[in-house]
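So the structure is just underneath, and the comments pick up after that.
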Amino acid sequence: MRRVGWLALPLWLTYAFLYLPIVVLVVMSFNASKTPYAWKGFSLQWYRELMSDDLIRQGFINTLIVAVGATVLATALGTLLAIGINRYVHSALVEAYSLAPAIIPDLALAIGLLATFALVGVTLGLHTVLLAHVVFGMAFVAAVVLARLGHQDQSLEEASRDLGAGPISTFWRITVPGLMPAIVAGALLVFTLSLDEFVIAYFTDGPSTPTLPIVIYSMVRFGVTPEINALAALLLLVSFTVVISAQRITKLTDAL
Amino acid sequence: MTPSPLLRISHLSKRFGQTVAVDDVSLEIRPNEFFSLLGPSGCGKTTLLRALAGFEDPDSGTVTIAGESGELDLLRLPPERRPINLMFQSYALFPHMSVERNVAYGLQRERLDRAVIRQRVDEVLQTVGLTDKATARPAQLSGGQRQRVALARAIVKRPRLLLLDEPLSALDRKVRAEMQLELKRLQHEVGITFVVVTHDQEEAMSMADRIAVMSDGRVEQVDSPVDLYTRPRTVFVADFIGTSNAFVGTLTSGGVMVPGIGMLPGQSVSADAGPEVTLIVRPEDIRFAPTGQAVLAGHVIDVQYFGGASTVAVRVEGVDRPVLVSCQGTTTLARGDATGLAWDPAAAVLLEA
């Protein structure tokens with residue numbers, strides 16, 4: 001006998017609530033009409049216009065520079081941070097502080113970063129956005145890697161030393177491969193977060209190098225164009241791909 | 001004549017905060033011997049082993065190992081440069097490498113020639129019978145197979161000394177008995193000195209040439225299994241190795257006077273056993289005797305039959321624990337029967353109380 005779960009109804013309603021806006025967005029990006037109030041047939045014209053928009057293309061390139069740079073730096077630093085915490089920090093408070101940038105409000109982080117950059121006297125630009133993204137990205141990577149370190153057999157590194165490998169050789173041959181799934185998952189996380197990060201970028205970016213979210217924001221101020229729908233749909237595709245592959249990789253290697 | 005020792009541990013101590021894990025331990029381990037460190041959990045045997053491997057820094061004491069060019073101060077070398085290998089209790093196989101890459105790992109670190117590595121890995125895999133599992137990942141192996149990979153990975157380095165931390169504890173009973181024989185065979189075959197840490201006295205007794213019994217960070221006694229059993233030097237050893245019946249009393253010319261029970265047969269072999277002694281007598285040294293010849297009298301409270309032998313528990317007035325008596329085959333005694341007990345004075349061991 002199959003029991004009819006009455007909780008299935010709220011489940012599906014919640015899903016509808018979550019995904020309806022996304023479905024509307026994707027559908028409208030293919031709408032031939034210029035206004036969102038009516039469906040006038042399928043069209044790819046907004047995607048074509050998107051490709052020929054210089055402002056958007058430059059914004060996209062800026063965003064890619066920031067996202068790739070921040071991912072590389074945050075992954076390296078975050079992994080080292082996690083290993084350091086795991087090895088030398090025995091205080092839960094210090095550990096919590098290292099992970100805080102991942103959860104403190106973006107606005108607070110953004111204002112703090114802006115104030116710091118002003119204090120140090122750095123001109124704002126893509127490099128400052130990149131650094132800002134490294135700050136929170138590092139915390140995310142560290143959190144993911146720390147979780148993995150928690151259930152890693154400590155004696156693996158000792159076994160490596162015992163078999164004749166020095167500390168550095170052991171780090172590259174045993175520690176890093178063991179953490180690889182977490183490192184990859186952390187990197188993908190930072191990449192997707194950086195890709196559409198607005199608040200911090202808005203505060204720490206210079207006027208001549210807007211990232212894509214800033215470009216979109218300035219376009220939307222004069223009303224949502226179907227071109228924006230197409231752009232958002234594309235971003236969605238990228239994010240979904242990255243998140244799903246991150247999950248796949250973690251699952252795959254957890255089975256080992 | 002005993003050969004000059006391979007490993008010499010002298011006055012080694014290690015404390016963690018307030019607890020002394022290893023307390024002034026001195027030991028000599030001879031070449032090609034199968035040596036066992038035996039003791040209950042928390043007695044410091046694993047700390048001692050880890051100090052030898054280089055994963056704990058002792059607070060004081062020295063460890064030297066005989067090398068081609070004289071004695072080598074072990075404690076000054078990092079783990080990767082000690083001519084010693086450790087087989088971890090968890091086996092610590094590298095999960096991201098195949099069996100053959102696990103085994104080759106240590107040889108690659110020595111920067112040996114590719115062909116030499118290949119040949120030695122093949123050889124050792126054959127020795128432990130895992131040739132057909134060479135390309136498998138550790139996760140695909142059974143417990144016994146993993147243990148053999150860990151062993152192969154350590155012996156392929158041809159260390160002067162192989163340390164094994166509870167090598168059989170992760171295996172189930174049947175595989176354990178097989179691996180006991182296997183370990184002994186391998187030790188003979190490869191000719192490496194083995195130091196095995198275990199809490200299982202049967203395991204140590206059946207495998208080791210010599211055993212060091214440890215308690216509270218100290219070495220209680222170092223001897224062959226037979227000597228440990230027949231001539232324990234402390235009450236702890238007598239109690240830990242096998243089963244024993246203990247009586248505390250005062251040594252007199254006619255035996256041991258135990259308050260509340262009377263005179264028990266026993267004779268002093270060493271002069272240093274003071275007036276206060278513990279008399280130890282093994283269950284198989286006690287026999288049932290008619291009232292006239294008995295030194296103790298009581299009634300049977302339990303009979304256990306083990307196939308080849310039986311153990312009878314006898315409650316004696318004035319003794320806290322039931323006196324255990326073992327006899328060959330079956331016994332006609334049943335629960336509730338009254339019986340007398342006796343033993344030969346020479347069979348009893350007298351220890352300082």
Side-chain angles (χ1 to χ4, degrees), chain A residues 75 79-80 82-84 86-91 141 144-188 245-256, chain B residues 46 49-56 77-98 101-112 117 121 136-141 146 149-159 161-166 170:
Chain A
T75 305
T79 303
L80 289 176
I83 293 171
N86 181 259
R87 214 166 276 182
Y88 306 112
V89 174
H90 303 289
S91 141
V141 174
V144 178
V145 174
L146 259 180
R148 173 95 191 174
L149 275 169
H151 56 95
Q152 180 130 320
D153 186 0
Q154 300 283 327
S155 55
L156 290 182
E157 289 174 10
E158 290 182 346
S160 166
R161 296 290 298 276
D162 188 68
L163 292 168
I168 296 168
S169 178
T170 296
F171 178 79
W172 287 112
R173 290 172 199 283
I174 304 301
T175 315
V176 171
L179 295 176
M180 209 32 114
I183 293 172
V184 171
L188 294 177
S245 43
Q247 219 200 358
R248 278 283 163 81
I249 289 170
T250 337
K251 254 195 204 148
L252 210 78
T253 36
D254 268 358
L256 280 180
Chain B
T46 295
L49 200 74
R50 288 176 56 81
L52 296 182
F55 300 118
E56 300 288 354
L77 298 174
E80 62 268 25
R81 296 192 33 219
R82 297 188 182 195
I84 281 181
N85 283 108
L86 171 60
M87 194 182 117
F88 289 80
Q89 185 171 10
S90 65
Y91 305 148
L93 299 180
F94 306 131
H96 59 289
M97 296 182 192
S98 65
R101 283 191 58 212
N102 262 282
V103 176
Y105 188 86
L107 297 179
Q108 283 163 351
R109 301 289 82 73
E110 290 179 32
R111 299 178 197 285
L112 293 178
I117 294 177
V121 168
R137 290 285 176 110
Q140 298 166 305
L141 303 179
R146 276 180 221 186
V149 177
L151 193 65
R153 193 175 67 172
I155 59 178
V156 78
K157 296 268 292 177
R158 298 183 186 153
L161 185 66
L162 178 62
L163 311 171
L164 301 98
D165 188 5
E166 300 275 3

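For the numbers below, each heavy atom of this structure counts, side chains included, while hydrogens, waters and symmetry mates do not. Note that the structure is a prediction, hence the values are computed from the model and not measured. In what follows, chains are A, B, ... by sequence order, proteins preceding strands, each numbered from 1.
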Nearest 0.5 angstrom please: B/Tyr105 OH to A/Ser169 OG, how far?
5.0 Å

With chain A as the partner, which of B/Lys157, B/Met87, B/Glu80, B/Arg50 has the greatest number of non-hydrogen pairs under 4.5 Å?
B/Glu80

Roughly how far apart are A/Asp153 CG and B/Phe88 CZ, rounded to 0.5 Å?
9.0 Å

In the structure I gave you, are the side-chain heavy atoms of A/Glu158 and B/Pro79 within less than 4.5 Å of one another anywhere?
no

Can you measure from CZ (B/Arg109) to CZ (A/Arg161) and round to the nearest 0.5 angstrom?
13.0 Å

Which atoms of B/Leu107 come close to chain A, meaning under 4.5 Å heavy atom to heavy atom: side chain ones, backbone ones, both, or neither?
neither

If we define contacts as heavy-atom pairs under 4.5 Å, which of B/Arg81, B/Arg153, B/Glu110 has the most with chain A?
B/Arg153

Here the gap from A/Ile174 atom CD1 to B/Met97 atom CE, rounded to the nearest 0.5 Å, amounts to 4.0 Å

Starting from the C-alpha separation in whole Å, work towards a yes-or-no answer on side-chain contact (heavy atoms from CB on, under 4.5 Å) for A/Arg173 and B/Phe94.
CA-CA 10 Å; A/Arg173 290 172 199 283; B/Phe94 306 131; over 6 Å; no

Identify the heavy atoms of B/Leu86 and A/Asp162 that sit nearest to each other, and give their distance.
N-OD2, 2.7 Å

When every non-hydrogen atom of B/Leu93 is compared with those of A/Leu156, the smallest separation belongs to O-CD2, 3.2 Å

